[in-house]
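Heads up, the thing below is written out as structure tokens.
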There are 2 protein chains.
Amino acid sequence: MPKVVDPEQRRASVAEAVWRVVLRNGLDGVSVRTVATEAGLSAGSLRHYFATQAEVLTFAMQLVIDRVRARVHVATTVRDVIGELLPLDAERRAEAEVWLAFSTRAQVDPTLRALRDTSYDLLEALCGRLVEAVAPGAQDVEVERLYALIDGLVLHAVMRPDRATPELLRTVVDRHLEELVH
Amino acid sequence: MPKVVDPEQRRASVAEAVWRVVLRNGLDGVSVRTVATEAGLSAGSLRHYFATQAEVLTFAMQLVIDRVRARVHVATTVRDVIGELLPLDAERRAEAEVWLAFSTRAQVDPTLRALRDTSYDLLEALCGRLVEAVAPGAQDVEVERLYALIDGLVLHAVMRPDRATPELLRTVVDRHLEELVH
DNA sequence: CTCTTTTTAGCACAGTCGTGTTAACTTGTT
DNA sequence: AACAAGTTAACACGACTGTGCTAAAAAGAG
């Protein structure tokens with residue numbers, strides 16, 4: 001009857017518009033109007049797919065999570081799994097930057113915080129399996145050590161991409177895994 | 001002649017008001033009016049000490065930097081220096097949270113970015129000296145490994161203070177230093 | 001007390017914000 | 001061709017934003 005539009009696809013394209021706005025102007029630059037313009041819609045039209053601004057944000061954050069999870073899920077070796085978590089190319093660095101922006105806002109937004117904490121727990125469990133695979137019977141402290149190292153590398157890659165280059169990230173991780181085996 | 005007020009002290013108290021607002025409502029919650037109210041001033045009065053909002057933010061960020069630098073400067077042993085960088089108590093966790101908020105905004109604010117990058121370079125150099133002190137002649141990769149580990153621990157302490165407890169942070173750092181020596 | 005200068009408070013302005021409502025448009029079905 | 005429903009656009013509302021400007025209040029100096 002009406003113009004045929006797949007709502008889910010539309011919502012996804014809106015989420016990607018959110019990401020672009022975040023990268024350009026930060027999470028503060030995200031308003032109903034800026035996102036609508038970025039997505040090529042009117043503000044009123046956007047509100048037809050998302051009732052509130054909070055809904056837009058949670059959806060955009062959830063989509064980042066889903067994307068990373070899908071990537072990690074297909075990785076097999078320990079080194080490859082960690083490689084999927086690190087921003088080794090420009091696209092994933094952008095993704096990490098968006099994730100970091102949402103994570104800091106989660107500090108004062110209960111809904112986003114729930115999303116973040118759930119992801120944190122999953123990643124912690126993942127690191128636990130990685131450590132167990134590389135060094136069976138290792139102490140629990142090694143899990144947090146690996147996890148903190150990864151997140152630190154991600155942080156540095158986002159903040160100082162000129163210094164924390166993909167090559168350096170890989171070298172650091174390889175060095176750490178090598179030591180973990182022994 | 002007029003009411004006697006030390007401008008620098010006033011500016012510092014305004015900066016502390018900024019920190020409290022950031023902790024409560026995030027960096028987005030920082031406006032001339034909210035900060036003025038938090039500092040017990042009127043908006044017009046605040047503008048007498050800071051010409052623009054950008055000036056308020058850079059001053060508040062600079063004061064965080066100065067405070068950390070002063071603390072690190074008096075530390076002697078490697079372990080104590082790292083201890084000053086980690087949020088081992090509630091006050092320093094708050095400080096780290098404020099720092100993280102400013103750092104992410106620096107991603108889209110050139111002025112704040114300059115402050116952040118300068119601090120990043122100083123911390124990197126500091127980690128270089130720490131590594132050299134613990135393991136003379138170690139590879140450069142160990143510097144980034146230690147720095148990323150520290151920043152990852154800080155990040156986790158801010159985001160998940162219930163999981164990344166002070167005890168865990170210390171244990172992880174001690175474990176890393178122990179390995180670094182060998 | 002009177003003067004002078006710092007400090008303070010308050011208002012005005014144009015702009016943006018989230019959100020609600022309403023009308024127009026588009027398109028498949030009857 | 002006529003209808004119906006999904007989709008879009010546009011406007012209104014109150015609230016908040018940063019910033020400039022003006023007048024009042026405060027307090028040491030003469």
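These values consider heavy atoms only, across backbone and side chains, with no hydrogens, waters or symmetry-generated copies.
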(message) Given D/dT19, C/dT7, C/dG18, identify the nucleotide with an atom nearest to the side chain of B/H48.
(response) C/dT7

Taking 4.0 Å as the cut-off, does a side-chain nitrogen or oxygen of [X] come that near to OP1 or OP2 on [N]?
X	N	value
B/R47	D/dG20	yes
A/R10	D/dT8	yes
B/S31	D/dG18	yes

Would you kindly give the [atom1]-to-[atom2] distance between [X] and [N], to the nearest whole Å?
X	N	atom1	atom2	value
B/E55	D/dG18	CD	C1'	14 Å
B/L46	D/dC21	CG	C1'	17 Å
B/L57	D/dT17	CG	C1'	14 Å
A/Y49	D/dT8	OH	C1'	8 Å
B/Q53	D/dG18	CD	P	5 Å

Nucleotides 9-12 of chain C: which of its N/O atoms have a protein N/O under 3.5 Å away?
residue, atom, partner, partner atom, Å
C/dA9, OP2, B/S42, N, 3.2
C/dA9, OP2, B/S42, OG, 3.3

(message) If the condition is ring-ring contact (aromatic ring centres under 6.0 Å, His included), which residues does B/H156 pass it with, not counting sequence neighbours?
(response) A/Y120, A/Y147

(request) Mind checking ring-ring contact (aromatic ring centres under 6.0 Å, His included) for A/F102 and listing every partner two or more places apart, or none if nothing turns up? (result) none

(message) Has B/W19 got a side-chain atom pairing as donor or acceptor with B/E95's backbone, closer than 3.5 angstrom?
(response) no

(message) Can you list everything that forms a side chain to side chain contact (heavy atoms under 4.5 Å, CB included) with B/A36? Sequence neighbours excluded, please.
(response) B/L46

(request) Just jot down the side chain to side chain contact (heavy atoms under 4.5 Å, CB included) partners of B/T165, sequence neighbours excluded, or say none. (result) B/E167, B/L168

(message) Going by side-chain hydrogen bond (donor to acceptor under 3.5 Å, both in side chains), name the pairs with one or both residues in residues 126-143 of chain A, residues two or more places apart or in two chains.
(response) A/E142-A/R145, A/E142-B/R175

(request) Answer with base, sugar-phosphate or nothing: what part of the nucleic acid does A/V30 contact at a heavy-atom distance below 4.0 Å? (result) sugar-phosphate

